[in-house]
Structures are given as C-alpha cells and as structure tokens.
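No hydrogens, no waters, no symmetry mates; every other heavy atom, side chains included, goes into these values. For clarity, every value in this text was computed on a predicted model and none was experimentally measured.
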Amino acid sequence: MTTQDSGSAPKPPAKDPWDLPDVSGLSVGVLGGTGPQGRGLAYRLARAGQQVTLGSRDAARAEQAAAELGLGVEGADNAECARRSDIVIVAVPWDGHAKTLQSLREELAGKLVVDCVNPLGFDKKGAYALKPEEGSAAEQAAALLPDSRVTAAFHHLSAVLLQDESIEEIDTDVLVLGEERADTDIVQALAGRIPGMRGIFAGRLRGAHQVESLVANLISVNRRYKAHAGLRTTDV
C-alpha cells in the first residue's frame, strides 16, 4: 500500500531557513542605549531605517545621546523605552542586569526581548567568563521575565566598529538563540538589516552560556592582534 493509498497527508516541505520576516516596520528599544554597545547598535539599526529609542535610567541623558546620533533616534527612560518598542535589546552592564529587568517586568510583558549581555570578570590574566546561577544572562532574563519572549543575540560585536560612521558594513555573523522559531527569525531578520551582517540560528537558550563566554576569547584575540574581531559561520 502506498502512502497516498493509506490516506496519510504528505509532509509539507521544510521551511527555507533564509525565509525571514519583514521587520522594517518594527520599533526597537535599546536598554543601556547610552553605553558603547547599546549606542552602537542603535546607530546601526537607525542607519538601516529602523525606528529606534534609546533607554537609560536618566531620560535626559538618553535624550541627549539620541540627539547626538540623529537619524530619528529618540531617547527616554528605560520604562518608557520598553513601553513604546516592539523589540527591546538589553545592553546594560552585567552588574545591573538583574535589577534592571526586575524593575521592567511589567513594561516588557509581551515584548520580544533580545539579551546581548556578556557576564565577564577581569583580573591580571585578562577577561574570563562568569556563569550565572540560571546558566547565562539570557536564561536569567527568561527567568525574570516570564511574560516576555526572550532571545539572545548581538554578543560578539565591536562597539568601536558599530559607532564608526566611516564604516559602511559590519562584516560579521550574529548568533541568535531562542525557544521559538518565529522569535529567532525576527531577530535574525533584524540583524540582517545592518549591511554586512547575517543572523544565524544557533540553538535554544540553554546554549547561551557558550555564546556569551566566547566574548572573553575575542577580547584576548583583539588584545593580541590589535583588532576588533567578530565571527563568521562557514558553509551556511
């Protein structure tokens, strides 16, 4: 008896992994947007045509930073930034990560949250990875924000290159982790809005610790070679 004879429906074709949604109309908020990484991401996304809001504990500081960036970027305190954004990137320092997210649980409910925080320590030997009790910064975010859709991405980007207005393209891949394909597809598409970047699916949040930790190695690479190293995934 053939499959058709048995009455079983044929399997649908596998989804093209590069069939990503149009995210050009989504607004992006950056918590920690006045710091180097957050400011750099905000600049690149705004330059690509995304509507961006910088968030900070101090609204006046966020508004000043937004005015310096131009490109239609707006500034607000963290709570207002979260409220007005469809996608919220968390780019705060690690030592303020938990406290910031706890304070914004209500504002971030229902939002797509992209955590790019790298828990690191530093000593005489250089940078080294820290492992949070939850496993990673992204898993800590997921635990603190049960009503949000938490993903992890944008960990390995050089803040220096992101903020350099003379650089047209950022030649790197962005590893994206999350529990729902629809969410990781959106983040991949967002990364792809920046010329030179690709978003690459890299697994579920339980793998975020390895991704966050790799930044310690990149810091060592950069120090040895006086570089601003990123990542490229081969054969993809």
J.: First locate atom CG of Leu101, then atom CG of Leu144, and finally report the distance between them rounded to the nearest 0.5 Å.
T.: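 Rounded to the nearest 0.5 Å, the CG-CG separation comes out at 6.0 Å.
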J.: A side-chain contact here means heavy atoms from C-beta on lying under 4.5 Å apart; do Leu120 and Trp94 qualify?
T.: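 Sidechains of Trp94 and Leu120: no contact.
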J.: So, the side chain of Arg47 versus the backbone of Glu165: is there a donor-acceptor pair under 3.5 Å, distance only?
T.: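 Pair found, side chain donor or acceptor close to backbone of Glu165.
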J.: What is the distance from atom CG of Leu41 to atom CD1 of Ile194, rounded to the nearest 0.5 Å?
T.: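 Result: 6.0 Å between the selected atoms.
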J.: Taking atom CZ of Arg44 and atom CE of Met197, what is their separation to the nearest 0.5 Å?
T.: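 Separation between the atoms: 7.5 Å.
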J.: Would you check if Cys116 and Ile89 make a side-chain contact, meaning some heavy-atom pair closer than 4.5 Å?
T.: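 With C-beta onward as the side chain, the pair touches.
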J.: Are the side chain of Asp115 and the backbone N or O of Val117 linked by a donor-acceptor pair below 3.5 Å?
T.: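 The answer is yes, because a donor-acceptor pair under 3.5 Å joins these two groups.
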J.: Other residues, nucleotides and ligands only: do more than 12 of their heavy atoms fall within 6.0 Å of CZ on Arg206?
T.: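 Open.
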J.: When you group the ILVMFWY residues by side-chain heavy-atom contacts below 4.5 Å and let the links chain together, are Leu205 and Ile87 in the same group?
T.: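 Ile87 and Leu205: separate clusters.
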J.: Hey, are the side chains of Tyr43 and Leu71 touching, using non-hydrogen atoms and a 4.5 Å cut-off?
T.: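 A side-chain contact exists here, since the closest heavy-atom pair is under 4.5 Å.
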J.: Strictly distance-based, threshold 3.5 Å: is any side-chain N or O of Gln50 a donor or acceptor partner for the main-chain N or O of Val23?
T.: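 A pair under 3.5 Å: yes.
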J.: When hydrophobic residues are tied together by side-chain contacts of less than 4.5 Å, even through go-betweens, does Phe122 share a cluster with Val215?
T.: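 Yes; tracing contacts between hydrophobic side chains, which count when under 4.5 Å, links both residues.
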J.: So, using side chain to side chain contact (heavy atoms under 4.5 Å, CB included) as the criterion, who are the partners of Ala159 when residues are at least two apart?
T.: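 Listed in chain order: Pro36, Gln37, Gln163.
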J.: Taking the side chain as everything from C-beta on, heavy atoms only, tell me whether Val92 gets closer than 4.5 Å to Asn78.
T.: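 No - every pair of side-chain heavy atoms lies 4.5 Å or more apart.
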J.: Would you please test Thr184 and Leu177 for side-chain contact (heavy atoms from CB on, under 4.5 Å) and show each step?
T.: CA-CA 7 Å; Thr184 56; Leu177 302 96; 6.0 Å; no
J.: With a 3.5 Å distance limit and no angle check, can you tell me whether Ser85 reaches the backbone of Val88 through a side-chain donor-acceptor pair?
T.: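 No; judged by distance alone, with no hydrogens or angles, the pair does not exist.
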J.: If you take all heavy atoms of Cys81 and Leu31, which pair is closest and at what distance?
T.: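 Closest approach of Cys81 to Leu31: SG-CD2, 4.1 Å.
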J.: If you round to the nearest 0.5 Å, how far is CG of Asn118 from OG of Ser136?
T.: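 Rounded to the nearest 0.5 Å, the OG-CG separation comes to 10.5 Å.
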J.: I'd like to know if the side chain of Gln140 and the backbone of Glu133 have a donor-acceptor N/O pair within less than 3.5 Å.
T.: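 Not confirmed, Gln140 side chain does not pair with Glu133 backbone.
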J.: Please report the closest heavy-atom contact between Pro119 and Ala137, naming both atoms and the distance.
T.: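 Nearest heavy atoms, Pro119 then Ala137: CG-CB, 3.8 Å.
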J.: Distance only, no hydrogens: is a donor on one side chain within 3.5 Å (strictly under) of an acceptor on the other, for Ser56 and Asp58?
T.: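 Side chains of Ser56 and Asp58: no pair found under 3.5 Å.
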J.: Tell me the closest heavy-atom pair linking Ala202 and Leu175, and the distance in Å.
T.: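 Looking at all heavy atoms of both residues, the shortest contact is CB-CB, 3.9 Å.
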J.: Without swapping roles, check the side chain of Asn222 against the backbone of Leu218 for a donor-acceptor pair under 3.5 Å.
T.: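 A pair under 3.5 Å: yes.
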J.: For residues Val187 and Val90: do they belong to one hydrophobic cluster (side chain heavy atoms under 4.5 Å, members Ile, Leu, Val, Met, Phe, Trp, Tyr)?
T.: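 Different clusters: Val187 never reaches Val90 through Ile, Leu, Val, Met, Phe, Trp or Tyr contacts under 4.5 Å.
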J.: Kindly say whether Val211 contributes a backbone atom to a donor-acceptor pair with the side chain of His156 at under 3.5 angstrom?
T.: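 Here the side-chain-to-backbone pair exists.
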J.: Under 4.5 Å between side-chain heavy atoms, counting indirect links through other Ile/Leu/Val/Met/Phe/Trp/Tyr residues: same cluster for Leu54 and Leu157 or not?
T.: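 Linked within one cluster.
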J.: State, with a plain yes or no, whether a side-chain heavy atom of Leu26 is found less than 4.5 Å away from one of Ile186.
T.: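 A side-chain contact exists here, since the closest heavy-atom pair is under 4.5 Å.
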J.: For the backbone of Ala138 and the side chain of Glu212, can you confirm whether one donor and one acceptor N or O come within less than 3.5 Å of each other?
T.: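 Yes, the answer is positive, given that a donor and an acceptor are paired below the 3.5 Å cut-off.
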J.: Look at the side chain of Ser27 and the backbone N and O of Arg84, then say whether any donor-acceptor pair between them is shorter than 3.5 Å.
T.: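 Checked: pair present.
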J.: Any side-chain heavy atom of Asp86 within less than 4.5 Å of one from Leu112?
T.: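 No, too far: nothing below the 4.5 Å cut-off.
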J.: For Tyr225, I'd like to know if atom OH has over 12 heavy atoms of other residues, nucleotides or ligands within 6.0 Å.
T.: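 At most 12 heavy atoms, drawn from other residues, nucleotides or ligands, come within 6.0 Å of this atom.
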J.: With a 4.5 Å cut-off on side-chain heavy atoms, are Arg61 and Gln64 touching?
T.: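 No - every pair of side-chain heavy atoms lies 4.5 Å or more apart.
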J.: Which heavy atom in Glu107 sits nearest to a heavy atom in Ala79, and how many Å separate them?
T.: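 Residues Glu107 and Ala79, closest heavy atoms: CG-O, 3.7 Å.
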J.: For the CZ atom on Arg83, are there more than 12 heavy atoms of other groups (residues, nucleotides or ligands in this structure) within a distance under 6.0 Å?
T.: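 It does: Arg83 CZ has more than 12 such atoms within range.
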J.: Does atom CZ (Arg224) have a neighbourhood of more than 12 heavy atoms from anything else shown, all under 6.0 Å?
T.: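 Counting other residues, nucleotides and ligands, CZ of Arg224 stays at 12 neighbours or fewer.
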J.: How about Pro146 and Arg105: do any of their side-chain heavy atoms sit closer than 4.5 Å?
T.: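 Touching, per the 4.5 Å side-chain cut-off.
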J.: Can you confirm whether more than 12 heavy atoms, excluding those of Glu179, are under 6.0 Å from its CD atom?
T.: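 Yes.
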J.: Do side-chain atoms of Ser158 reach the backbone of Val160 as a donor and acceptor pair under 3.5 angstrom?
T.: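 Yes; judged by distance alone, with no hydrogens or angles, the pair exists.
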J.: Examine Ile219 and Leu161 and state if one hydrophobic cluster contains both, with Ile, Leu, Val, Met, Phe, Trp and Tyr joined whenever side-chain heavy atoms are less than 4.5 Å apart.
T.: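 Cluster IDs for Ile219 and Leu161 differ.
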J.: Please check if the number of heavy atoms outside Lys125 that lie under 6.0 Å from its NZ is greater than 12.
T.: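 12 or below, so no.
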J.: State the CG-CG distance between Leu45 and Leu190, to the nearest 0.5 angstrom.
T.: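 Spacing of CG (Leu45) from CG (Leu190) equals 5.0 Å.
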J.: Let me see the working for Arg39 and Leu69 under side-chain contact (heavy atoms from CB on, under 4.5 Å), right down to the final yes or no.
T.: CA-CA 8 Å; Arg39 186 184 177 109; Leu69 286 180; 4.0 Å; yes
J.: Given Arg198, which of Thr172, Val176, Val174, Thr233 fulfils the side-chain contact (heavy atoms from CB on, under 4.5 Å) condition?
T.: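 The side-chain contact (heavy atoms from CB on, under 4.5 Å) with Arg198 is passed solely by Thr233 among Thr172, Val176, Val174, Thr233.
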J.: How many angstroms lie between CG in Leu104 and CD in Glu80, if you round to the nearest 0.5 Å?
T.: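 Going from CG on Leu104 over to CD on Glu80, the span is 11.5 Å.
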J.: If every non-hydrogen atom of Leu108 is compared with every non-hydrogen atom of Ala82, which pair is closest and at what distance?
T.: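 Distance-wise, the nearest heavy atoms are CD2-CB, 3.7 Å.
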